[in-house]
Each structure stands twice: as structure tokens, then as C-alpha cells.
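Below is the structure I would like to discuss, written out as C-alpha cells.
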Amino acid sequence: MTERPAVDALGYEQARDELAEVVRALEAGGLGLDESVALWERGEALARRCEEQLAGARERVQKVLDGS
């Protein structure tokens with residue numbers, strides 16, 4: 001796999017799109033164990049990044065709704 005940017009530098013859409021690529025690659029199979037594990041780990045980090053981004057957006061929306 002080519003060198004990818006750090007997960008914490010990605011925006012939501014970038015992380016989501018890369019996560020979809022990781023899932024497709026894992027589902028397609030044909031990868032060695034080490035590459036599969038590395039992809040899985042990257043996918044987990046991408047999923048966490050997406051959750052962080054969504055949580056931040058939820059907080060911002062809630063603040064607006066609360067009038068803060």
C-alpha cells in the first residue's frame with residue numbers, strides 16, 4: 001500500500017473514503033497476513049477518526065440548538 005497521510009490529519013470525508021477503500025481491499029482478499037493486518041489497523045484508526053469528527057459536529061450542532 002502506498003504511503004498515506006497521518007489519520008489525525010484527515011477530514012471526515014477523506015477518512016470515510018479511505019475507510020471504504022480499506023474495506024473493499026480486505027473484502028477482495030488476496031492479501032498477505034501482514035498487509036491484511038496493517039490494513040485492518042489503518043481501518044480501525046480511520047473509523048475512530050470518523051467518530052471523532054462526527055462527535056465534534058454533534059457538539060457544535062447541540063451548542064447552536066442550545067443557544068450557546
So the salt bridge (Lys or Arg N to Asp or Glu O under 4.0 Å) pairs with at least one residue in residues 45-56 (sequence neighbours excluded) are R49-E52
Quick one: CZ on R4 to CD on E18, what's the gap to the nearest 0.5 Å?
->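 So the CZ of R4 and the CD of E18 are separated by 4.5 Å.
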Where G43 and V22 come nearest, the two heavy atoms and their spacing =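 Heavy-atom minimum between the residues: CA-CG1, 4.0 Å.
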Enumerate donor-acceptor pairs with a distance under 3.5 Å from any side-chain N or O in residues 8-17 to protein atoms, sequence neighbours excluded.
unit_1, atom_1, unit_2, atom_2, d
Q14, OE1, G11, N, 2.9

Heavy-atom closest pair, residues L31 and S36 | CB-OG, 3.4 Å
Please list, chain by chain and in numerical order, all residues satisfying side chain to side chain contact (heavy atoms under 4.5 Å, CB included) with R24, sequence neighbours excluded.
-> A20, E21
CG on L54 to CD on E59, rounded to 0.5 Å | 11.5 Å
